Protein chains: 2
Amino acid sequence: MPPSGKNCLTCIVRGTDCFCSLPLNALHDLQVIGSHKRFNAGEHLLYEGFNADRVYIVCQGCIKLTASSSEGKVFIIRIAGPGDVIGLASAMQGTTYKIAAEAMEPCEVKVISRSEFLDFMDRFREVNRNAVVSISLDCEAATLSARRLALSSSAAGKLASVLIDWGRMGQTNGILSKELHFRMPLTHEELGSMAGLSRETVTRLLGKFRREGLIKLEGEQMTVREPEKLERLYH
Amino acid sequence: MPPSGKNCLTCIVRGTDCFCSLPLNALHDLQVIGSHKRFNAGEHLLYEGFNADRVYIVCQGCIKLTASSSEGKVFIIRIAGPGDVIGLASAMQGTTYKIAAEAMEPCEVKVISRSEFLDFMDRFREVNRNAVVSISLDCEAATLSARRLALSSSAAGKLASVLIDWGRMGQTNGILSKELHFRMPLTHEELGSMAGLSRETVTRLLGKFRREGLIKLEGEQMTVREPEKLERLYH
DNA sequence: CGGTTACTTGAGTTCCGTCAACCGAAGTGG
DNA sequence: CCACTTCGGTTGACGGAACTCAAGTAACCG
């Protein structure tokens, strides 16, 4: 059975920063409100500028949150996964979405209208609390992106920062290990979109990092051998 | 009498996105919790990395929210003013502050401990709602900064975007006017810190904008004559 | 008047984006 | 089965934009 199985009560997607970590009575409510929906890879859940009249809770799959310029340049702010809520900040303000959301693989989500979600928040203080934490996480992710782009003056620093942040999230070996070992399914193009760099520059830098022994690549597996050294490229 | 006069009930700082726009009973509570404090220009309210155990409500004055690199480079994420809450996102997550806050002029703030604030949120659903909106605004500001830095490839585009965003906030003529007229009290250094540019580049670009008739400068008064044209520099 | 802060301008240099060509793998369709 | 396309990655050459360094001006203030 997939993580969700369309049932919020038996769903195994939980965790400290997971929106769905709620007491049973709230989960009962969550189960019956909104609707379940699937998206294929490449499909958009929502677009920038649209009226923020609903929120999405990710049940399964990865979703790119992006901002685009009129010339077609794309910036990836964050990649949302199971347990994340999408569109919450804009919906809470009752304005328009400030970013777009695009499925990176086949995804399952729960769609809840703004008004329904507001009611849901009013009924349970835990929902309120989790919503606040969800938006806070969004806020931190955006802050981190901005800081990266503004403070690391070199392309190497920006890319290093993206790799390390990504690695710290998806680390597959123990936290205690000095090395970071993780899956890196993103294309150079996507890494570039996160770091504000061109695809070619990403290729060149990853090659350089590899040659210098800072990272190791084996297919989708990436190992950052010396996180501190990589981090110091920030300069 | 200054805007606040240390009394939340008679304070005139209100507005749609103001945290203190609350019903009377909540204001009564707000009046008695926390403590009132003053900061001189240049003093720090909080530093990056510190335990997020309190939040600040700005009563009066402007406060820079900044991120700094180890080399001393500074990035200004946002400038908070009366009615804004500082440190909320980090406090809600119970982690550390991700940014620093520095008074730009003599300021008055209300300091509330994290636990006291959480209680306050639990007592009034309106406080909850306003806290959510406050964090959402933070989130949007950070997103805007990130988008600016990532998507505008030229320095001119970044600076233009900072000027226009600043202008739209502090506009002193009617909203209907095509031109943006506003106070620009920031130094070139500060503008650079917001746009991710060096001080010299800001000087050169402002000169260029002025020579091209895109903006007009009279002391602290700035007029953006052709916002659309300036905005198109985004390229 | 000296000291500080902000702004201005010039010269030199480097970094990275762009353009272009090319490779290998995977998928598609007749 | 093979020609064709697409996608992701790689590498080289080039040029321009912006950073840095440096020197100098202007305004303000005790």
Side-chain angles (χ1 to χ4, degrees), chain A residues 40-42 64 69 71-76 102 104-105 148-163 183-212 215-222 233-235, chain B residues 41-42 64 69 71-76 104-105 148-163 183-212 215-222 233-235:
Chain A
N40 292 322
K64 269 193 244 190
S69 73
E71 283 84 19
K73 199 169 174 182
V74 175
F75 164 55
I76 301 178
E102 179 191 337
M104 299 181 74
E105 52 188 0
R148 176 159 47 226
L149 292 164
L151 293 181
S152 43
S153 45
S154 70
K158 285 175 196 161
L159 183 59
S161 149
V162 168
L163 292 182
R183 247 187 91 231
M184 172 45 71
L186 303 178
T187 65
H188 291 186
E189 175 100 47
E190 286 166 331
L191 280 172
S193 291
M194 294 183 78
L197 303 173
S198 72
R199 183 176 45 90
E200 295 95 324
T201 299
V202 172
T203 300
R204 278 186 255 267
L205 285 173
L206 284 182
K208 185 163 159 278
F209 291 168
R210 193 168 32 71
R211 265 174 273 127
E212 290 172 354
I215 62 172
K216 203 169 72 180
L217 281 163
E218 286 157 333
E220 286 206 335
Q221 290 301 316
M222 179 179 281
L233 290 177
Y234 229 64
H235 155 102
Chain B
K64 269 194 246 191
S69 74
E71 282 84 19
K73 197 169 175 182
V74 176
F75 164 54
I76 301 178
M104 299 181 74
E105 52 188 0
R148 176 162 44 229
L149 292 164
L151 293 180
S152 44
S153 45
S154 69
K158 285 175 196 159
L159 183 59
S161 150
V162 168
L163 292 182
R183 246 187 91 231
M184 172 46 70
L186 303 178
T187 65
H188 292 186
E189 176 100 47
E190 286 166 330
L191 280 172
S193 291
M194 293 184 78
L197 302 173
S198 72
R199 183 176 45 87
E200 296 94 323
T201 299
V202 172
T203 300
R204 277 186 256 266
L205 285 174
L206 284 182
K208 185 162 159 279
F209 291 168
R210 194 168 31 72
R211 265 174 272 129
E212 290 173 354
I215 61 171
K216 203 168 72 180
L217 280 162
E218 285 157 335
E220 287 206 336
Q221 290 301 316
M222 179 180 283
L233 290 178
Y234 230 64
H235 154 109

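None of the values given here were measured: they were computed from a predicted structure. Letters go in sequence order (proteins before strands), and every chain restarts at 1.
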What is the minimum heavy-atom distance between [X] and [Y], and which atoms define it?
X        : Y        : result
B/Ser153 : A/Lys73  : CB-NZ, 3.7 Å
B/Arg211 : B/Arg204 : NH2-O, 4.2 Å
A/Ala156 : A/Phe209 : O-CZ, 3.8 Å

Side chain to side chain contact (heavy atoms under 4.5 Å, CB included) test vs A/Ser193 passes for just one of A/Val162, A/Ile76, A/Thr187, namely A/Ile76
For a side chain to side chain contact (heavy atoms under 4.5 Å, CB included) with A/Met184, tell me which candidate from A/Ile215, A/Leu163, A/Leu206 qualifies.
A/Leu163
Let's see if you get this right: which residues in residues 184-192 of chain A place a heavy atom under 4.0 Å from DNA chain C?
none
How many angstroms lie between [atom1] in [X] and [atom2] in [Y], if you round to the nearest 0.5 Å?
X        : Y        : atom1 : atom2 : value
B/Leu191 : B/Lys158 : CG    : NZ    : 14.5 Å
B/Glu220 : B/Leu186 : CD    : CG    : 9.0 Å
A/Met104 : A/Lys64  : CE    : NZ    : 5.5 Å

Measure [atom1]/[X] against [atom2]/[N] and give the value in whole Å, please.
X        : N     : atom1 : atom2 : answer
A/Met104 : D/dG8 : CE    : C1'   : 14 Å
B/Glu220 : C/dT5 : CD    : P     : 18 Å
B/Phe209 : C/dC7 : CZ    : P     : 16 Å

Taking the side chain as every heavy atom from C-beta outward, state whether B/Arg183 and B/Met222 have any pair of such atoms under 4.5 Å apart.
no
Donor-acceptor pair, A/Ser152 side chain versus A/Arg148 backbone, under 3.5 Å?
yes
Please name all residues satisfying salt bridge (Lys or Arg N to Asp or Glu O under 4.0 Å) with A/Lys208, sequence neighbours left out, ordered by chain then number.
A/Glu212
Can you give one letter per nucleotide of nucleotides 9-21 of chain C, 5' to 3': B if a protein heavy atom sits under 4.0 Å from the base, S if only from the sugar-phosphate, - if neither?
BBB----SSBBB-
Going 5' to 3' through nucleotides 24-30 of chain D and flagging B where a protein heavy-atom sits under 4.0 Å of the base, S where only the sugar-phosphate is that close, and - otherwise, we get -------
Give the table of side-chain donor-acceptor pairs shorter than 3.5 Å for residues 195-202 of chain A, with sequence neighbours excluded, one pair per line with atom names and distance.
residue: A/Ser198; atom: OG; partner: A/Thr201; partner atom: N; Å: 3.3
residue: A/Ser198; atom: OG; partner: A/Thr201; partner atom: OG1; Å: 2.9

What bend angle does the helix from C/dC1-D/dG30 to C/dG30-D/dC1 show across its length, from five-pair end axes and to the nearest 10 degrees?
30°
